[in-house]
Amino acid sequence: MIRSPLMTVMTDAVMKAARSLKRDFGEVENLQVSRKGPGDFVSAADRKAEQILREALEKSRPGYGFIMEEQGVIEGADKSHCWHIDPLDGTTNFLHGLPHFAISVGLEREGQIVAGVIYDPIKDELFIAEKGKGAFVNNRRLRVSARRDLVDALIICGLPHINRGDHRQFFRELAAIMPLCGGMRRSGSAALDMAYVACGRADGFWERNLHSWDMAAGLILLREAGGYVSNAEGGADIFGAKSVVCGNEYIYRELLKLLKA
Ligand code: 2AM
Ligand code: CA
Ligand code: CA
Ligand code: CA
């Protein structure tokens, strides 16, 4: 597979940040950790990886704006391009030594997500997608699953975080969906959840209270892998609604129906 110049820029930046994350994961007990709020941790590993991504992308694509989890919004001279960056998706896993986390970088052009990279440094899995060019994991083409029936489906959910989100709403949704589906998982990395639906390891996923940096790369992966995706109400404004429901065509429809019921 020949990588486009843009994909090379994105994957080079991500691999550089991943080396820093891997080093920090090796001595996670020595990391400086602070709490942004209850259950909302950030460590030196998150900040270092984000800075590496920012510097690498600024150098290769000067003027693009940034929306980053830790540094926030940085306006660029180029108003038509913006990176959505989560330097460490799955911080809670990371800080517990649980090897399931990722870097997520999406590129928005003229209001549309046109490219995404999600990298899991522990499993060495690189998920990439560009608009109109397909989605790949380690150079293998991705496709969503073909399962049609919820009873056979593996569904990933997210849990609302402590003091955030509507827990009652979540339990209503879970009560509607769980008894009908083949199995359920909760992983702690929304970016990997979306990547796993894109490659057919799971058949559907929904979560609320997410941010653009959690979802941007996953959205383009899903779309390029033939997946269906919207916000939890069925609308197109995923970042604004801060919610996502996705899957193959059939499972997406089933999930959305149950969420809206
Ligand atoms: P993070 O690890 O980058 O913070 C898991 O359900 C998803 O929720 C992850 O993408 C995780 O991203 C995010 N998350 C974790 N704690 C959160 C919080 N307090 N508020 C909102 N999102 C959170
Ligand atoms: Ca966080
Ligand atoms: Ca995140
Ligand atoms: Ca993060």
Side-chain angles (χ1 to χ4, degrees), residues 13-14 17-18 20-22 24-25 28 31-54 66-73 83-106 113 116-122 127 155-167 169-171 173-174 177 184-198 202 204-219 221-222 229 231-232 238-246:
V14 165
S20 167
L21 278 189
K22 253 185 116 163
D24 285 334
F25 190 63
V28 71
L31 272 183
Q32 206 185 40
V33 181
S34 51
R35 210 165 57 187
K36 295 191 265 186
D40 195 357
F41 299 100
V42 59
S43 74
D46 303 61
R47 295 206 177 93
K48 266 192 272 176
E50 192 171 272
Q51 187 57 25
I52 291 167
L53 289 163
R54 180 181 167 182
F66 289 89
I67 298 178
M68 295 177 282
E69 181 177 7
E70 311 307 339
Q71 297 183 38
V73 177
W83 301 107
H84 295 260
I85 296 181
D86 191 337
L88 171 47
D89 188 55
T91 297
T92 304
N93 287 346
F94 185 97
L95 293 177
H96 285 77
L98 202 165
H100 188 76
F101 53 86
I103 295 172
S104 179
V105 176
I113 303 298
V117 171
I118 296 173
Y119 182 59
D120 174 341
I122 303 300
F127 297 88
I155 303 299
I156 307 178
C157 63
L159 303 179
H161 297 274
I162 186 168
N163 284 351
R164 285 210 213 170
D166 184 340
H167 289 244
Q169 178 185 40
F170 172 74
F171 285 118
E173 291 172 351
L174 191 64
I177 291 166
M184 298 230 24
R185 299 289 183 271
R186 197 278 184 186
S187 88
S189 165
L192 287 177
D193 293 342
M194 292 174 81
Y196 283 15
V197 173
F205 164 63
W206 92 97
E207 183 162 359
R208 293 178 186 272
N209 312 300
L210 292 176
H211 296 90
S212 72
W213 53 77
D214 300 309
M215 303 185 281
L219 288 178
L221 270 164
L222 273 161
V229 56
N231 67 34
I238 292 164
F239 294 169
K242 300 183 139 217
S243 66
V244 65
V245 50
C246 62

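Computed from heavy atoms alone, side chains included, the values below leave out hydrogens, waters and symmetry copies. Whatever order the structure lists them in is the order used to number ligands and atoms, beginning at 1.
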Please tabulate protein-ligand N/O pairs under 3.5 Å for ligand 1, atom names and distances to 0.1 Å.
from	atom 1	to	atom 2	distance (Å)
ligand 1	2 (O)	Gly90	N	2.7
ligand 1	2 (O)	Thr91	N	2.9
ligand 1	3 (O)	Glu69	OE1	3.2
ligand 1	3 (O)	Asp86	OD2	3.1
ligand 1	3 (O)	Leu88	O	3.1
ligand 1	3 (O)	Asp89	OD1	3.4
ligand 1	6 (O)	Arg186	NH2	3.3
ligand 1	6 (O)	Glu207	OE1	3.4
ligand 1	6 (O)	Glu207	OE2	2.6
ligand 1	8 (O)	His161	NE2	2.9
ligand 1	10 (O)	Asp89	OD1	2.5
ligand 1	10 (O)	Ala190	N	3.4
ligand 1	10 (O)	Asp214	OD1	3.4
ligand 1	12 (O)	Asp89	OD1	3.1
ligand 1	14 (N)	His161	NE2	3.2
ligand 1	16 (N)	His161	ND1	3.3
ligand 1	20 (N)	Arg164	NH1	2.9

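Ser212 is linked by a side-chain contact (heavy atoms from CB on, under 4.5 Å) to Ile67, His84, Phe239, counting only residues two or more places apart in sequence or in another chain.
Within the 3.5 Å criterion, the main-chain N or O of Ser43 finds a donor-acceptor partner in the side chain of Asp46.
Here the CG-CE distance, from Asp86 to Met68, works out to 11.5 Å after rounding to the nearest 0.5 Å. Atom CG of residue Asp193 and atom CD1 of residue Ile155 lie 11.5 Å apart, to the nearest 0.5 angstrom.
Sorted by first and then second residue, the side-chain hydrogen bond (donor to acceptor under 3.5 Å, both in side chains) pairs with a member in residues 155-166 read Asp40-Arg164; sequence neighbours excluded.
Within the protein, the N, O or S atoms sitting under 3.0 Å from the Ca ion (ligand 3) are Asp86 OD2, Asp89 OD1, Asp214 OD1.
Contact detail for Ser189 and Asp89: the closest heavy-atom pair is OG-OD2, 2.8 Å. Scanning both residues, Gly158 and Phe170, for their nearest heavy atoms gives O-CE1, 3.0 Å.
Glu70 and Arg54 are not joined by a salt bridge, as no carboxylate oxygen comes within less than 4.0 angstrom of a charged side-chain nitrogen.
A tilted orientation is assigned to the rings of His167 and Phe171, their planes being inclined by 30° to 60°.
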